[in-house]
2 protein chains.
Amino acid sequence: MIRSEPQYPISRIAEIFKVLGDQNRLHILSLISNQELCVCEITSIIGMSQSNASQHLAKLRSAGLVKERRSAQWIYYSLNQEALPLIKEVLKMLPDVSHELERLKTQPDRPKCDT
Amino acid sequence: MIRSEPQYPISRIAEIFKVLGDQNRLHILSLISNQELCVCEITSIIGMSQSNASQHLAKLRSAGLVKERRSAQWIYYSLNQEALPLIKEVLKMLPDVSHELERLKTQPDRPKCDT
DNA sequence: ACAGTATATTAAAATATACTAATATAAACT
DNA sequence: AGTTTATATTAGTATATTTTAATATACTGT
């Protein structure tokens, strides 16, 4: 039997899918699939508490799916290149959320992180 | 933005990944990826209780990942064709388990379902 | 009909997860 | 230095999941 893709222990794959098995985390991945976003933008779009978003991001990060970059007081999250092939496959299945990113720019209580 | 693959609501994708986010269920999927197996074979290979296996199989089934076929007193599980494209991608990431299927044939307390 | 085998279902316990509220840390601005 | 803003962490609670043990159902063979 020939397998072309990298193998991982079942424990690692289960860990990844467990992290992916949550609507909010899938939503976050969709949002940052095209552009990095800071936590306040993510919470603003999804409408979840800052603490909750932070904890979901921590799970995505510890599973190696996203990475963070600090700039001033903001921390920007983006997809981790190492997991990109997998994430791309997942994102293909998910509905487009670009309209949510558009709306972010025009909403009145828009976060100030990218002004 | 062009997307070639079928889209599903986030809730559905999360449901699928939640089901995939468990070592035992991934193991079961690997085992039945090449051939259908009955519950007693699965429990024998994985070394889990009959009840536990049955409940994991129920989750895989209700998520549409596997299907069942009854033959005499045995119920054989196999991959559900409808979810096959997704499952194939998942299986590519998992280690090969064919040696476990080989061992099943020679072990002393081998189940009698395929004699 | 009855006993045996295979599987499913139910109940209960243990563990894990998601969420909120509160607190801590870190940087920026005055 | 003190205040504000952004984020992380911690603690507590509610809910969900996994597992085991016990029971029920379905089929086979006698």
Side-chain angles (χ1 to χ4, degrees), chain A residues 10-11 14-29 31-32 36-63 65-78 104 109-115, chain B residues 10-11 14-29 31-32 36-63 65-78 104 109-115:
Chain A
I10 286 188
S11 56
E15 179 203 8
I16 291 174
F17 285 133
K18 190 169 287 187
V19 168
L20 291 174
D22 178 273
Q23 290 197 41
N24 284 325
R25 287 191 289 267
L26 288 176
H27 198 165
I28 291 172
L29 284 180
L31 290 172
I32 65 176
E36 61 177 13
L37 292 175
C38 67
V39 181
C40 63
E41 289 171 318
I42 292 168
T43 60
S44 169
I45 293 173
I46 299 189
M48 71 193 333
S49 74
Q50 176 270 318
S51 170
N52 199 12
S54 183
Q55 286 174 83
H56 280 302
L57 286 164
K59 291 208 168 189
L60 287 166
R61 184 160 23 88
S62 82
L65 301 182
V66 306
K67 64 176 193 290
E68 61 180 32
R69 174 182 73 84
R70 167 153 239 151
S71 173
Q73 66 266 65
W74 297 285
I75 296 178
Y76 292 89
Y77 281 88
S78 57
L104 180 68
D109 58 338
R110 164 194 186 193
K112 300 150 199 88
C113 41
D114 61 350
T115 55
Chain B
I10 285 186
S11 55
E15 179 203 7
I16 290 173
F17 284 133
K18 188 170 289 187
V19 168
L20 292 174
D22 178 273
Q23 290 196 44
N24 284 326
R25 287 191 290 266
L26 288 176
H27 198 166
I28 291 172
L29 284 181
L31 290 171
I32 64 176
E36 61 177 15
L37 292 175
C38 67
V39 181
C40 63
E41 289 170 319
I42 293 168
T43 60
S44 170
I45 294 173
I46 298 188
M48 70 193 332
S49 73
Q50 176 269 319
S51 170
N52 200 9
S54 183
Q55 287 175 86
H56 281 302
L57 286 164
K59 290 206 171 193
L60 288 167
R61 185 160 21 88
S62 80
L65 301 181
V66 307
K67 63 177 194 289
E68 61 178 35
R69 174 181 74 84
R70 169 152 238 152
S71 173
Q73 66 266 64
W74 297 284
I75 295 178
Y76 292 88
Y77 282 87
S78 56
L104 179 68
D109 58 339
R110 165 192 186 195
K112 300 149 199 92
C113 42
D114 62 348
T115 54

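Note on naming: letters A, B, ... go to the chains in the order of the sequence lines (proteins, then strands), and numbering restarts at 1 for each one. Note that the structure is a prediction, hence the values are computed from the model and not measured.
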Side-chain donor-acceptor pairs of residues 45-52 of chain B under 3.5 Å, sequence neighbours excluded:
unit_1: B:Ser49; atom_1: OG; unit_2: B:Asn52; atom_2: N; d: 3.0
unit_1: B:Ser51; atom_1: OG; unit_2: B:Gln55; atom_2: NE2; d: 3.1
unit_1: B:Asn52; atom_1: OD1; unit_2: B:His56; atom_2: NE2; d: 3.3

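For B:Arg61 and C:dT7, the CZ to C1' distance is 10 Å, given to the nearest whole Å. Whole-Å rounding puts the B:Glu36 CD to C:dT7 P distance at 12 Å. Atom NE2 of B:His56 and atom C1' of D:dA16 are 14 Å apart (whole Å). Rounded to whole Å, atom P of C:dT7 lies 16 Å from atom CG of B:Leu60. If you take CD1 of B:Ile46 and P of C:dT7, they are 14 Å apart, rounded to a whole angstrom. Between the CG atom of A:Leu26 and the C1' atom of C:dA18 there is a distance of 15 Å, given to the nearest Å. Rounding to whole angstrom units, NE2 of residue B:His27 and C1' of D:dT19 are separated by 18 Å. Rounded to whole Å, the distance from CD1 on A:Ile42 to C1' on D:dT7 is 12 Å.
Relative to the side chain of B:Ser54, the nucleotides C:dA8, D:dA8, D:dT19 differ in distance, and C:dA8 lies closest.
Side-chain atoms of A:Ile28 and A:Val66, non-hydrogen and from C-beta on, never get closer than 4.5 Å to each other. Put simply, the side chain of A:Leu26 reaches to within 4.5 Å of the side chain of B:Phe17, judged on heavy atoms. Looking only at side-chain heavy atoms (C-beta outward), A:Ile10 and B:Asn24 stay at 4.5 Å or farther from each other.
Nearest-nucleotide assignment on DNA chain D puts the 5′-proximal partner with A:Thr43, out of A:Thr43 and B:Lys59.
A search for side chain to side chain contact (heavy atoms under 4.5 Å, CB included) contacts involving B:Lys67 returns B:Ser78, B:Gln81, not counting sequence neighbours. Not counting sequence neighbours, B:Ser62 has no partner by the side chain to side chain contact (heavy atoms under 4.5 Å, CB included) test. For A:Glu68, the side chain to side chain contact (heavy atoms under 4.5 Å, CB included) criterion is met by A:Arg61, A:Ile75, A:Tyr77, not counting sequence neighbours.
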Short heteroatom pairs, N/O only, protein and nucleotides 20-28 of chain D, under 3.5 Å:
unit_1: D:dT20; atom_1: O4; unit_2: B:Gln55; atom_2: NE2; d: 3.0
unit_1: D:dA21; atom_1: N6; unit_2: B:Ser51; atom_2: OG; d: 2.6

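The stretch residues 14-22 of chain B comes close to DNA chain D through B:Lys18, B:Asp22, each having a heavy atom under 4.0 Å from the strand.
No donor-acceptor distance shorter than 3.5 angstrom exists from the side chain of B:Arg69 to the backbone of B:Ser71, with no hydrogens or angles considered.
In this model, the phosphate group of D:dA8 is approached by a side-chain N or O of A:Tyr77 to a distance below 4.0 Å at OP1 or OP2.
Between B:Lys59 atom NZ and B:Leu65 atom CG the span is 12.5 Å, to the nearest 0.5 Å.
Within 4.0 Å of A:Gln23, counting heavy atoms only, lies no atom of the nucleic acid at all.
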